[in-house]
2 protein chains.
Amino acid sequence: MSITMAELRQKFRDRQYKLTSQRQTILQAFLDHPDRHLSAEDVYTIVRKQSPEIGLATVYRTLELFNELDIVQRLDFGDGRQRYEINETSTPHHHHHLICLSCGKVKEFGDDLLETLESAIAKRSKFAIVDHQLKFYGYCQECQKRREG
Amino acid sequence: MSITMAELRQKFRDRQYKLTSQRQTILQAFLDHPDRHLSAEDVYTIVRKQSPEIGLATVYRTLELFNELDIVQRLDFGDGRQRYEINETSTPHHHHHLICLSCGKVKEFGDDLLETLESAIAKRSKFAIVDHQLKFYGYCQECQKRREG
DNA sequence: CTTTGTGCAAATGATTTGCAGTGTC
DNA sequence: GACACTGCAAATCATTTGCACAAAG
């Protein structure tokens with residue numbers, strides 16, 4: 001379950017942020033595209049259909065804010081732009097990505113085995129670990145077929 | 001063991017690339033700083049001491065080439081610039097990074113447990129996995145102390 | 001009404017590219 | 001000598017910032 005519009009209102013009230021129509025529209029863009037990993041430009045394109053006067057800078061500033069408030073999570077797939085996905089409120093943002101080197105498709109998978117590894121590493125390195133990111137690169141089923149054929 | 005200058009010469013001869021003094025100097029920069037994760041700008045600064053006339057564009061082009069030839073490996077620590085580390089010839093580039101969120105220091109650790117996870121994921125997702133990247137974010141021992149103190 | 005947020009345009013910063021001259025094979 | 005490689009400067013592209021105006025609480 002992602003954050004709802006009502007929860008957004010609450011969260012913003014708590015911290016004295018103003019709930020502008022632009023911010024609502026941007027959240028809505030994520031709610032309408034739950035499966036995609038949107039870049040700032042993607043969000044801009046979607047949101048302009050509703051609010052043509054919105055500025056790209058506002059999109060960037062809002063994404064930055066949403067990221068800080070854990071409403072979205074910033075991702076980096078190495079394609080030269082930051083991407084964002086909406087956070088699930090229940091599961092504390094831990095799933096990872098399989099990136100197809102051929103078509104760029106991104107698949108997700110949950111994690112759990114990694115927890116063990118994390119605490120072992122933490123102990124050995126004396127780091128206080130707060131987050132991790134795991135990415136696998138390879139070729140998806142379709143691209144494998146396309147290559148064989 | 002990293003690549004030697006002689007091996008570089010061989011590798012370049014095989015593929016008809018020209019072994020210019022700039023390329024040698026850039027490799028030397030990595031050999032002289034085996035422990036660091038150098039950005040293009042870092043390399044440029046180091047290399048200019050030897051060859052003041054070298055251009056930043058050449059550094060970028062060479063790093064791109066070295067990366068393709070697996071002489072170095074491109075890394076992304078999310079600090080807005082690509083970094084490169086020299087590849088070990090023996091172990092097929094698989095170790096990972098602990099990134100300190102406070103001072104930016106990067107520590108390394110080997111992996112092995114991840115292999116199991118990788119094959120499980122590969123089977124379930126039907127991806128042909130060729131590489132992976134794992135990063136842990138946290139606070140290093142020094143920064144932890146500094147925060148407490 | 002106060003203060004935060006917005007749109008616009010200009011600035012930034014890493015990386016790339018066009019081109020004419022240079023050095024390796 | 002041919003052709004890949006270089007240096008330089010200009011171009012790109014994502015992202016950030018300064019500023020005058022607008023809107024939320």
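Residue numbers start from 1 in every chain, and the chains themselves are labelled A, B, ... in the order their sequence lines are given, proteins ahead of strands.
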Practice prompt. With sequence neighbours excluded, tell me which residues meet ring-ring contact (aromatic ring centres under 6.0 Å, His included) with B/Phe12.
Written response: B/Tyr17

Fill in: Partners passing side chain to side chain contact (heavy atoms under 4.5 Å, CB included) against A/Ser21 (at least two apart in sequence or in another chain)
none

Response to the item:
Here the distance between atom C1' of C/dG5 and atom CZ of A/Phe12, to the nearest Å, is 11 Å

Worksheet, complete the sentence: Its contact letters, B for base, S for sugar-phosphate only and - for none at protein heavy atoms under 4.0 Å, make nucleotides 9-22 of chain D read -----SBBBB----

Worksheet, complete the sentence: Sorted by chain and residue number, the ring-ring contact (aromatic ring centres under 6.0 Å, His included) partners of B/Phe136 (sequence neighbours excluded) come out as A/His132, B/Phe109

Response to the item:
residues 35-48 of chain A vs salt bridge (Lys or Arg N to Asp or Glu O under 4.0 Å), sequence neighbours excluded, gives A/Asp42-A/Arg83

Discussion item. Please give me every residue in residues 43-54 of chain B whose heavy atoms get under 4.0 Å of an atom in DNA chain D, ordered by residue number.
Written reply: B/Glu53, B/Ile54

Item to complete: Take the C1' atoms of the five end pairs on each side of the helix from C/dC1-D/dG25 to C/dC25-D/dG1, derive the two axes, and give their angle rounded to 10 degrees.
Response: 40°

Practice prompt. For A/Asp79 and C/dT15, give me the distance from atom CG to atom C1', rounded to whole Å.
Written response: 15 Å

Worksheet entry | Partner residues of B/Glu108 under the side chain to side chain donor-acceptor pair (under 3.5 Å) criterion, sequence neighbours left out | B/His37, B/His95

Worksheet item: Looking only at heavy atoms, which two atoms of A/Leu8 and A/Leu27 are closest? And how far apart?
Response: CD2-CD2, 3.5 Å

Could you give the side-chain donor-acceptor pairs of residues 59-66 of chain B under 3.5 Å, partners two or more places apart or in another chain?
residue	atom	partner	partner atom	Å
B/Thr62	OG1	B/Thr58	O	2.8
B/Glu64	OE1	B/Arg74	NH2	2.7

Worksheet item: What pairs with B/Glu142 under salt bridge (Lys or Arg N to Asp or Glu O under 4.0 Å), at least two apart in sequence or on another chain?
Response: B/Lys105

Practice prompt. May I ask you to test the A/Thr25-A/Ile54 pair for a side-chain heavy-atom distance under 4.5 Å?
Written response: no

Worksheet item: Looking at DNA chain C, which of residues 14-27 of chain B put a heavy atom within less than 4.0 Å of it?
Response: B/Lys18, B/Leu19

Worksheet entry | Residues which pass salt bridge (Lys or Arg N to Asp or Glu O under 4.0 Å) with B/Arg23, listed by chain and number, not counting sequence neighbours | none

